[in-house]
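Take a look at the structure below.
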Amino acid sequence: LSLSTKKRVSAAIIAATALISLVAWILLNRAAYDSPTALIYKDNVLLYEIDLSNVAAAYKIDTGGNIIEVRGGEIGVIYANCRDKVCVRTGFTHGVVPVICLPNRLEIRVVNKTDYDVLAY
Amino acid sequence: MKKFSLFLCLFLLLAACSHAENKTSRTEFVFGTVVTITVYGDNKTAENTVDAAFARLAEIEGICSYTMPDSELSRLNASGSMTVSGELYALIEKSLDLCEETRGAFDITLGELIDLWGEQTVPSDGDIKAVLPYIGFENVVLSDNNAVIFKNGHIKLHLGGIAKGYAADELVEIFGRFGVNGAVADLGGDILLYGDSPRKDGVWRVGIADPLKESETADIISVKSGFVMTSGNYERYFEQNGVRYHHIFDRETGYPTVSGAASATVYAGLDKSGLACDAYATALFAFGNADFLPEGFDFVLIDEKES
(Lines give C-alpha, C1' and ligand atoms only; values in the text may rest on other atoms or scores of the structure.)
Protein backbone atom coordinates (compact mmCIF):
# COMPACT_ATOMS: atom_id res chain seq x y z
CA LEU A 1 0.00 0.00 0.00
CA SER A 2 1.20 3.48 -0.76
CA LEU A 3 1.86 5.93 2.06
CA SER A 4 -1.19 8.05 1.18
CA THR A 5 -3.48 4.99 1.14
CA LYS A 6 -2.17 3.95 4.57
CA LYS A 7 -2.89 7.44 5.84
CA ARG A 8 -6.43 7.33 4.47
CA VAL A 9 -7.08 3.91 6.08
CA SER A 10 -5.73 5.16 9.42
CA ALA A 11 -7.83 8.30 9.22
CA ALA A 12 -10.93 6.20 8.42
CA ILE A 13 -10.28 3.91 11.41
CA ILE A 14 -9.82 6.88 13.73
CA ALA A 15 -12.95 8.56 12.39
CA ALA A 16 -15.01 5.37 12.78
CA THR A 17 -13.78 4.84 16.34
CA ALA A 18 -14.54 8.47 17.20
CA LEU A 19 -18.03 8.12 15.70
CA ILE A 20 -18.74 4.92 17.67
CA SER A 21 -17.51 6.64 20.85
CA LEU A 22 -19.75 9.62 20.25
CA VAL A 23 -22.85 7.49 19.55
CA ALA A 24 -22.15 5.33 22.63
CA TRP A 25 -21.71 8.42 24.77
CA ILE A 26 -24.98 9.94 23.52
CA LEU A 27 -26.94 6.71 23.99
CA LEU A 28 -25.61 6.08 27.48
CA ASN A 29 -26.04 9.63 28.69
CA ARG A 30 -29.46 10.42 27.33
CA ALA A 31 -32.37 10.58 29.75
CA ALA A 32 -34.13 7.26 30.16
CA TYR A 33 -37.45 8.81 29.18
CA ASP A 34 -37.64 12.19 27.54
CA SER A 35 -41.44 12.27 27.60
CA PRO A 36 -43.92 10.99 30.20
CA THR A 37 -44.09 7.25 29.76
CA ALA A 38 -46.46 4.86 31.54
CA LEU A 39 -44.96 1.54 32.59
CA ILE A 40 -47.59 -1.11 33.38
CA TYR A 41 -46.36 -4.06 35.45
CA LYS A 42 -48.25 -7.15 36.51
CA ASP A 43 -46.53 -9.59 38.86
CA ASN A 44 -43.41 -7.47 38.38
CA VAL A 45 -43.42 -8.19 34.66
CA LEU A 46 -43.48 -5.16 32.36
CA LEU A 47 -46.55 -5.55 30.16
CA TYR A 48 -46.75 -2.18 28.43
CA GLU A 49 -44.62 0.89 27.93
CA ILE A 50 -46.76 3.75 26.65
CA ASP A 51 -45.61 7.21 25.62
CA LEU A 52 -48.40 9.34 27.12
CA SER A 53 -47.46 12.34 25.01
CA ASN A 54 -48.34 10.40 21.91
CA VAL A 55 -51.88 9.11 22.49
CA ALA A 56 -54.13 10.11 19.60
CA ALA A 57 -57.37 8.80 21.15
CA ALA A 58 -58.30 7.28 24.50
CA TYR A 59 -58.26 3.49 24.68
CA LYS A 60 -58.62 0.70 27.23
CA ILE A 61 -56.38 -2.20 28.24
CA ASP A 62 -57.70 -5.28 30.05
CA THR A 63 -54.99 -6.81 32.24
CA GLY A 64 -57.26 -9.42 33.81
CA GLY A 65 -58.87 -8.11 36.97
CA ASN A 66 -58.29 -4.49 35.99
CA ILE A 67 -59.25 -2.30 33.08
CA ILE A 68 -56.89 0.57 32.41
CA GLU A 69 -57.75 3.63 30.38
CA VAL A 70 -55.04 5.51 28.54
CA ARG A 71 -55.69 9.10 27.58
CA GLY A 72 -53.51 11.84 26.22
CA GLY A 73 -51.05 12.61 29.00
CA GLU A 74 -52.62 10.46 31.69
CA ILE A 75 -53.54 6.91 32.66
CA GLY A 76 -55.77 5.32 35.28
CA VAL A 77 -57.60 2.20 36.37
CA ILE A 78 -61.32 2.43 35.65
CA TYR A 79 -62.30 -1.06 36.81
CA ALA A 80 -60.98 -3.47 39.44
CA ASN A 81 -62.55 -6.77 40.41
CA CYS A 82 -61.30 -6.49 44.00
CA ARG A 83 -63.27 -5.28 47.01
CA ASP A 84 -61.51 -2.08 48.04
CA LYS A 85 -60.91 -0.58 44.56
CA VAL A 86 -58.12 1.65 45.88
CA CYS A 87 -56.56 1.80 42.42
CA VAL A 88 -59.80 3.08 40.85
CA ARG A 89 -60.17 5.72 43.55
CA THR A 90 -56.60 6.83 42.98
CA GLY A 91 -57.85 8.27 39.71
CA PHE A 92 -55.83 9.19 36.67
CA THR A 93 -52.15 9.85 37.03
CA HIS A 94 -49.84 11.82 34.86
CA GLY A 95 -47.22 12.27 37.42
CA VAL A 96 -45.14 10.92 40.17
CA VAL A 97 -47.15 8.71 42.51
CA PRO A 98 -47.80 5.21 41.15
CA VAL A 99 -51.22 3.58 40.81
CA ILE A 100 -51.22 0.19 42.52
CA CYS A 101 -53.75 -2.64 42.70
CA LEU A 102 -52.38 -4.96 45.36
CA PRO A 103 -54.92 -7.79 44.99
CA ASN A 104 -54.14 -8.06 41.26
CA ARG A 105 -50.44 -7.21 41.71
CA LEU A 106 -50.72 -4.41 39.18
CA GLU A 107 -48.50 -1.36 39.20
CA ILE A 108 -48.62 1.66 36.90
CA ARG A 109 -45.75 4.13 37.06
CA VAL A 110 -45.42 7.24 34.98
CA VAL A 111 -41.74 7.98 34.48
CA ASN A 112 -40.21 11.05 33.01
CA LYS A 113 -36.98 12.94 33.01
CA THR A 114 -36.49 13.92 36.65
CA ASP A 115 -33.83 15.62 38.68
CA TYR A 116 -34.18 13.35 41.71
CA ASP A 117 -33.10 9.76 42.40
CA VAL A 118 -36.18 8.50 44.23
CA LEU A 119 -39.61 9.76 45.23
CA ALA A 120 -40.94 9.90 48.81
CA TYR A 121 -44.73 9.77 49.13
CA MET B 1 0.06 11.44 16.49
CA LYS B 2 -1.79 8.56 14.85
CA LYS B 3 -1.27 6.30 17.89
CA PHE B 4 -2.33 9.10 20.21
CA SER B 5 -5.54 9.68 18.23
CA LEU B 6 -6.38 6.00 18.30
CA PHE B 7 -5.66 5.83 22.02
CA LEU B 8 -7.86 8.88 22.61
CA CYS B 9 -10.79 7.37 20.71
CA LEU B 10 -10.49 4.05 22.51
CA PHE B 11 -10.33 5.90 25.82
CA LEU B 12 -13.51 7.82 24.93
CA LEU B 13 -15.25 4.59 23.98
CA LEU B 14 -14.28 2.91 27.24
CA ALA B 15 -15.27 6.01 29.23
CA ALA B 16 -18.65 6.08 27.52
CA CYS B 17 -19.25 2.41 28.27
CA SER B 18 -18.07 2.64 31.87
CA HIS B 19 -20.50 5.51 32.48
CA ALA B 20 -23.38 3.05 32.32
CA GLU B 21 -24.68 2.53 35.86
CA ASN B 22 -23.83 -0.85 37.27
CA LYS B 23 -26.83 -1.64 39.43
CA THR B 24 -29.28 -4.36 40.35
CA SER B 25 -32.89 -3.43 40.99
CA ARG B 26 -35.87 -5.60 41.92
CA THR B 27 -39.50 -4.89 42.80
CA GLU B 28 -41.76 -7.10 44.88
CA PHE B 29 -45.08 -6.78 46.69
CA VAL B 30 -44.37 -6.76 50.44
CA PHE B 31 -46.07 -5.09 53.46
CA GLY B 32 -49.17 -4.50 51.36
CA THR B 33 -47.27 -2.23 49.00
CA VAL B 34 -44.68 -2.18 46.25
CA VAL B 35 -41.07 -2.39 47.41
CA THR B 36 -38.13 -1.68 45.12
CA ILE B 37 -34.56 -2.30 46.21
CA THR B 38 -31.69 -0.99 44.09
CA VAL B 39 -28.09 -1.84 44.86
CA TYR B 40 -25.22 -0.19 42.98
CA GLY B 41 -21.94 -1.95 42.27
CA ASP B 42 -20.69 -5.41 41.46
CA ASN B 43 -23.50 -7.51 39.99
CA LYS B 44 -22.93 -10.69 41.97
CA THR B 45 -22.72 -8.91 45.33
CA ALA B 46 -25.70 -6.73 44.43
CA GLU B 47 -27.81 -9.78 43.46
CA ASN B 48 -26.94 -11.54 46.72
CA THR B 49 -27.72 -8.39 48.70
CA VAL B 50 -31.12 -7.96 47.06
CA ASP B 51 -31.92 -11.65 47.69
CA ALA B 52 -31.01 -11.30 51.36
CA ALA B 53 -32.94 -8.02 51.65
CA PHE B 54 -36.19 -9.43 50.29
CA ALA B 55 -35.80 -12.61 52.36
CA ARG B 56 -35.49 -10.44 55.49
CA LEU B 57 -38.51 -8.35 54.49
CA ALA B 58 -40.55 -11.54 54.11
CA GLU B 59 -39.46 -12.60 57.61
CA ILE B 60 -40.48 -9.24 59.07
CA GLU B 61 -43.83 -9.41 57.29
CA GLY B 62 -44.36 -12.89 58.75
CA ILE B 63 -43.83 -11.43 62.20
CA CYS B 64 -45.69 -8.12 62.14
CA SER B 65 -48.32 -8.32 59.39
CA TYR B 66 -51.79 -7.34 60.58
CA THR B 67 -53.59 -9.01 57.70
CA MET B 68 -51.72 -12.33 57.36
CA PRO B 69 -53.71 -14.67 59.60
CA ASP B 70 -50.68 -16.76 60.55
CA SER B 71 -48.30 -13.89 61.34
CA GLU B 72 -46.99 -13.74 64.89
CA LEU B 73 -48.79 -10.44 65.45
CA SER B 74 -52.10 -11.91 64.25
CA ARG B 75 -51.69 -14.78 66.70
CA LEU B 76 -50.98 -12.32 69.50
CA ASN B 77 -54.04 -10.25 68.55
CA ALA B 78 -56.21 -13.37 68.52
CA SER B 79 -54.97 -14.59 71.90
CA GLY B 80 -54.75 -11.26 73.74
CA SER B 81 -51.88 -12.53 75.84
CA MET B 82 -48.93 -14.47 74.56
CA THR B 83 -45.23 -15.08 74.91
CA VAL B 84 -43.75 -13.71 71.69
CA SER B 85 -40.39 -13.87 69.94
CA GLY B 86 -37.61 -11.60 71.12
CA GLU B 87 -37.88 -9.67 67.86
CA LEU B 88 -41.59 -8.92 68.16
CA TYR B 89 -41.21 -8.12 71.85
CA ALA B 90 -38.43 -5.60 71.13
CA LEU B 91 -40.46 -4.09 68.30
CA ILE B 92 -43.54 -3.64 70.52
CA GLU B 93 -41.38 -2.24 73.32
CA LYS B 94 -39.80 0.39 71.06
CA SER B 95 -43.19 1.21 69.56
CA LEU B 96 -44.78 1.73 72.98
CA ASP B 97 -41.96 4.11 73.90
CA LEU B 98 -42.73 6.12 70.76
CA CYS B 99 -46.47 6.08 71.55
CA GLU B 100 -45.67 7.63 74.91
CA GLU B 101 -43.19 10.11 73.45
CA THR B 102 -45.72 11.31 70.87
CA ARG B 103 -48.51 11.41 73.47
CA GLY B 104 -50.57 8.91 71.50
CA ALA B 105 -50.50 10.77 68.19
CA PHE B 106 -48.77 7.60 67.05
CA ASP B 107 -50.46 4.64 68.71
CA ILE B 108 -50.13 0.95 67.84
CA THR B 109 -53.29 -0.17 69.65
CA LEU B 110 -55.88 1.13 67.18
CA GLY B 111 -56.46 -2.14 65.31
CA GLU B 112 -60.13 -2.43 66.21
CA LEU B 113 -60.76 1.19 65.20
CA ILE B 114 -58.94 0.64 61.90
CA ASP B 115 -61.08 -2.47 61.30
CA LEU B 116 -64.22 -0.37 61.84
CA TRP B 117 -63.13 2.07 59.17
CA GLY B 118 -61.86 -0.69 56.90
CA GLU B 119 -65.19 -1.20 55.18
CA GLN B 120 -64.67 2.04 53.21
CA THR B 121 -67.77 3.66 54.72
CA VAL B 122 -68.04 5.93 57.75
CA PRO B 123 -68.94 3.78 60.77
CA SER B 124 -71.76 4.86 63.05
CA ASP B 125 -70.81 7.30 65.77
CA GLY B 126 -72.08 4.77 68.32
CA ASP B 127 -69.76 2.05 67.03
CA ILE B 128 -66.79 4.41 67.17
CA LYS B 129 -67.56 5.61 70.69
CA ALA B 130 -68.00 2.02 71.87
CA VAL B 131 -64.40 1.22 70.95
CA LEU B 132 -62.71 4.35 72.32
CA PRO B 133 -62.61 3.48 76.05
CA TYR B 134 -60.66 0.31 75.32
CA ILE B 135 -57.92 1.49 72.97
CA GLY B 136 -54.68 3.25 73.86
CA PHE B 137 -51.12 2.09 74.39
CA GLU B 138 -51.55 2.22 78.19
CA ASN B 139 -53.58 -0.97 77.81
CA VAL B 140 -50.60 -3.09 76.80
CA VAL B 141 -48.32 -4.59 79.43
CA LEU B 142 -44.91 -6.05 78.73
CA SER B 143 -43.85 -8.67 81.21
CA ASP B 144 -40.89 -10.93 81.84
CA ASN B 145 -39.91 -13.67 79.42
CA ASN B 146 -41.25 -11.82 76.37
CA ALA B 147 -44.86 -11.95 77.54
CA VAL B 148 -47.24 -9.38 76.03
CA ILE B 149 -50.53 -8.88 77.86
CA PHE B 150 -53.54 -6.85 76.70
CA LYS B 151 -55.61 -5.32 79.50
CA ASN B 152 -58.87 -5.81 77.61
CA GLY B 153 -60.31 -7.87 74.78
CA HIS B 154 -60.62 -4.92 72.38
CA ILE B 155 -56.92 -4.31 71.96
CA LYS B 156 -55.46 -5.25 68.61
CA LEU B 157 -51.94 -4.13 67.81
CA HIS B 158 -51.40 -2.64 64.36
CA LEU B 159 -47.76 -2.06 63.44
CA GLY B 160 -48.43 -0.52 60.03
CA GLY B 161 -47.10 2.81 61.29
CA ILE B 162 -43.60 1.48 61.98
CA ALA B 163 -43.18 -1.76 59.98
CA LYS B 164 -41.54 -0.08 57.00
CA GLY B 165 -39.32 2.01 59.24
CA TYR B 166 -38.23 -1.08 61.13
CA ALA B 167 -37.64 -2.88 57.83
CA ALA B 168 -35.41 0.03 56.74
CA ASP B 169 -33.36 -0.40 59.92
CA GLU B 170 -32.91 -4.08 59.14
CA LEU B 171 -31.88 -3.32 55.55
CA VAL B 172 -29.14 -1.02 56.83
CA GLU B 173 -27.65 -4.01 58.63
CA ILE B 174 -27.88 -6.17 55.49
CA PHE B 175 -26.32 -3.52 53.21
CA GLY B 176 -23.49 -3.13 55.72
CA ARG B 177 -22.93 -6.88 55.98
CA PHE B 178 -22.61 -7.20 52.21
CA GLY B 179 -20.27 -4.21 51.96
CA VAL B 180 -22.57 -2.30 49.63
CA ASN B 181 -21.31 1.12 48.54
CA GLY B 182 -24.67 2.56 47.54
CA ALA B 183 -28.28 1.36 47.71
CA VAL B 184 -31.85 2.66 47.77
CA ALA B 185 -34.85 0.89 49.25
CA ASP B 186 -38.22 2.33 48.24
CA LEU B 187 -40.71 0.80 50.65
CA GLY B 188 -43.93 2.04 49.10
CA GLY B 189 -42.74 5.64 49.21
CA ASP B 190 -40.81 5.37 52.48
CA ILE B 191 -37.16 5.57 51.57
CA LEU B 192 -33.85 4.25 52.84
CA LEU B 193 -30.77 5.80 51.25
CA TYR B 194 -27.56 3.94 51.99
CA GLY B 195 -24.00 4.98 51.17
CA ASP B 196 -23.07 7.01 48.12
CA SER B 197 -25.43 7.88 45.30
CA PRO B 198 -24.10 7.45 41.75
CA ARG B 199 -24.00 11.25 41.44
CA LYS B 200 -20.62 12.97 41.41
CA ASP B 201 -21.12 14.41 44.90
CA GLY B 202 -22.42 11.08 46.26
CA VAL B 203 -25.51 12.79 47.69
CA TRP B 204 -28.99 11.40 47.06
CA ARG B 205 -31.73 13.67 45.83
CA VAL B 206 -35.22 12.76 47.03
CA GLY B 207 -38.37 14.20 45.49
CA ILE B 208 -41.20 14.82 47.96
CA ALA B 209 -44.50 14.13 46.21
CA ASP B 210 -46.89 17.07 46.20
CA PRO B 211 -50.21 15.86 47.67
CA LEU B 212 -52.03 18.78 46.08
CA LYS B 213 -50.57 18.59 42.59
CA GLU B 214 -50.32 14.91 41.88
CA SER B 215 -47.99 15.28 38.93
CA GLU B 216 -45.42 17.41 40.73
CA THR B 217 -42.92 17.29 43.53
CA ALA B 218 -43.35 19.74 46.39
CA ASP B 219 -39.67 19.75 47.23
CA ILE B 220 -36.40 18.00 46.50
CA ILE B 221 -34.16 17.32 49.47
CA SER B 222 -30.52 16.24 49.49
CA VAL B 223 -29.62 13.41 51.84
CA LYS B 224 -26.24 11.74 52.29
CA SER B 225 -27.39 8.50 53.92
CA GLY B 226 -30.56 8.14 55.86
CA PHE B 227 -34.27 7.55 56.16
CA VAL B 228 -37.08 9.56 54.55
CA MET B 229 -40.50 8.55 55.88
CA THR B 230 -43.84 10.07 54.83
CA SER B 231 -47.42 10.00 56.07
CA GLY B 232 -50.19 11.61 54.07
CA ASN B 233 -53.91 11.79 53.48
CA TYR B 234 -53.74 11.23 49.72
CA GLU B 235 -52.56 7.64 49.39
CA ARG B 236 -55.03 5.63 51.44
CA TYR B 237 -58.45 7.17 51.82
CA PHE B 238 -62.05 6.98 50.72
CA GLU B 239 -64.64 9.64 50.03
CA GLN B 240 -68.22 9.77 51.23
CA ASN B 241 -70.63 12.62 50.52
CA GLY B 242 -67.75 14.68 49.20
CA VAL B 243 -65.65 14.28 52.36
CA ARG B 244 -62.27 12.57 52.25
CA TYR B 245 -61.54 10.13 55.10
CA HIS B 246 -57.88 9.15 55.39
CA HIS B 247 -56.30 6.29 57.32
CA ILE B 248 -54.57 8.00 60.27
CA PHE B 249 -56.86 8.13 63.28
CA ASP B 250 -57.17 10.30 66.36
CA ARG B 251 -57.46 7.97 69.33
CA GLU B 252 -59.41 10.61 71.26
CA THR B 253 -62.21 11.02 68.69
CA GLY B 254 -62.00 7.78 66.71
CA TYR B 255 -62.11 9.78 63.46
CA PRO B 256 -59.32 10.60 61.01
CA THR B 257 -57.01 13.27 62.38
CA VAL B 258 -57.77 16.89 61.50
CA SER B 259 -54.58 18.91 61.70
CA GLY B 260 -54.60 20.66 58.36
CA ALA B 261 -51.68 18.58 57.15
CA ALA B 262 -51.82 16.90 53.75
CA SER B 263 -48.44 15.26 53.99
CA ALA B 264 -45.68 14.94 56.59
CA THR B 265 -42.16 13.77 55.82
CA VAL B 266 -39.52 13.15 58.48
CA TYR B 267 -35.92 12.43 57.56
CA ALA B 268 -32.74 11.72 59.45
CA GLY B 269 -29.31 10.18 59.08
CA LEU B 270 -28.47 6.54 59.66
CA ASP B 271 -27.38 7.34 63.22
CA LYS B 272 -31.11 7.62 63.98
CA SER B 273 -33.64 4.85 63.43
CA GLY B 274 -36.03 4.33 60.54
CA LEU B 275 -38.58 3.05 63.02
CA ALA B 276 -38.55 6.37 64.90
CA CYS B 277 -38.68 8.35 61.63
CA ASP B 278 -41.75 6.36 60.57
CA ALA B 279 -43.57 6.92 63.88
CA TYR B 280 -42.62 10.61 63.93
CA ALA B 281 -44.00 11.06 60.40
CA THR B 282 -47.38 9.78 61.62
CA ALA B 283 -47.24 12.03 64.68
CA LEU B 284 -46.18 15.04 62.59
CA PHE B 285 -49.14 14.45 60.29
CA ALA B 286 -51.49 14.10 63.27
CA PHE B 287 -50.19 17.18 65.14
CA GLY B 288 -49.67 19.38 62.10
CA ASN B 289 -46.58 20.86 63.76
CA ALA B 290 -43.09 19.64 64.62
CA ASP B 291 -42.80 20.91 68.21
CA PHE B 292 -42.37 17.38 69.51
CA LEU B 293 -39.65 16.37 67.04
CA PRO B 294 -36.29 15.61 68.73
CA GLU B 295 -33.00 17.07 67.54
CA GLY B 296 -31.46 15.32 64.56
CA PHE B 297 -34.75 14.82 62.70
CA ASP B 298 -35.72 17.15 59.86
CA PHE B 299 -39.11 17.44 58.23
CA VAL B 300 -41.23 18.67 55.32
CA LEU B 301 -44.82 19.47 56.28
CA ILE B 302 -47.35 20.30 53.58
CA ASP B 303 -50.72 21.66 54.61
CA GLU B 304 -54.00 21.05 52.82
CA LYS B 305 -54.32 24.56 51.50
CA GLU B 306 -50.98 25.24 49.96
CA SER B 307 -47.57 23.67 49.68
Side-chain angles (χ1 to χ4, degrees), chain A residues 6-7 9-11 13-29 32 36 39 41-46 52 73-74 76 83-86 89-110 112 114-121, chain B residues 2 5-6 8-21 26-29 32-34 36 38 118-120 184-186 188-191 193 197-199 203-211 213-217 220-221 228-230 232 234-239 263 265 267 300:
Chain A
K6 277 183 182 174
K7 276 184 180 173
V9 169
S10 298
I13 290 170
I14 290 169
T17 312
L19 185 65
I20 291 167
S21 303
L22 184 66
V23 170
W25 187 86
I26 290 169
L27 287 175
L28 293 169
N29 285 278
L39 305 177
Y41 295 89
K42 181 148 181 164
D43 284 322
N44 300 326
V45 175
L46 180 63
L52 294 180
E74 60 183 12
R83 191 176 66 90
D84 56 18
K85 304 192 190 310
V86 169
R89 286 187 287 107
T90 301
F92 279 73
T93 182
H94 37 82
V96 295
V97 178
V99 178
I100 294 164
C101 178
L102 281 174
N104 291 318
R105 300 173 70 82
L106 177 85
E107 181 189 7
I108 304 172
R109 274 184 192 272
V110 178
N112 204 346
T114 62
D115 50 1
Y116 52 83
D117 303 308
V118 64
L119 181 77
Y121 57 92
Chain B
K2 188 168 64 184
S5 301
L6 268 171
L8 184 66
C9 288
L10 284 170
F11 177 78
L12 281 172
L13 185 60
L14 285 172
C17 292
S18 67
H19 184 81
E21 281 176 359
R26 193 187 307 160
T27 298
E28 291 189 14
F29 287 82
T33 189
V34 177
T36 300
T38 305
E119 295 302 317
Q120 308 292 322
V184 181
D186 175 351
D190 286 327
I191 311 296
L193 306 152
S197 87
R199 292 173 183 272
V203 174
W204 303 95
R205 290 171 67 76
V206 183
I208 309 291
D210 189 333
K213 298 170 194 149
E214 179 269 331
S215 62
E216 295 178 18
T217 49
I220 294 177
I221 57 174
V228 184
M229 302 282 160
T230 301
Y234 58 102
E235 269 288 287
R236 292 184 182 175
Y237 68 89
F238 67 90
E239 287 182 346
S263 160
T265 298
Y267 59 104
V300 177

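So you know, we letter chains A, B, ... as the sequences are listed, proteins then strands, and number each from 1. None of these values were measured; they are calculated from a predicted model.
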D117(A) versus S197(B), closest heavy-atom pair with distance
OD2-CB, 4.4 Å
pair Y41(A)-T27(B): side-chain heavy atoms closer than 4.5 Å
no
Looking only at heavy atoms, which two atoms of L102(A) and G32(B) are closest? And how far apart?
CD1-O, 2.5 Å
Under 4.5 Å from any heavy atom of chain A, what part of R199(B) do you find: side chain, backbone, both or neither?
side chain
Quick check for you: to the nearest 0.5 Å, what is the distance between D186(B) atom CG and Y121(A) atom OH?
5.0 Å
Toward chain A, the part of I220(B) with a non-hydrogen atom under 4.5 Å
side chain
Start with the C-alpha gap between L193(B) and V118(A), add the side-chain angles, then the distance that decides, and say whether side-chain contact (heavy atoms from CB on, under 4.5 Å) holds.
CA-CA 9 Å; L193(B) 306 152; V118(A) 64; 3.9 Å; yes
Counting only heavy atoms closer than 4.5 Å, note whether V184(B) contacts chain A via side chain, backbone, both or neither.
side chain
Tell me, do F29(B) and N44(A) make a side-chain contact under 4.5 Å, heavy atoms counted?
yes
I need the minimum non-hydrogen distance between A209(B) and L119(A), along with the two atoms involved.
N-CD1, 3.8 Å
Quick one: of D190(B), V228(B), V34(B), who has the most non-hydrogen atom pairs under 4.5 Å with chain A?
V34(B)
When every non-hydrogen atom of Y116(A) is compared with those of V206(B), the smallest separation belongs to CB-C, 4.2 Å
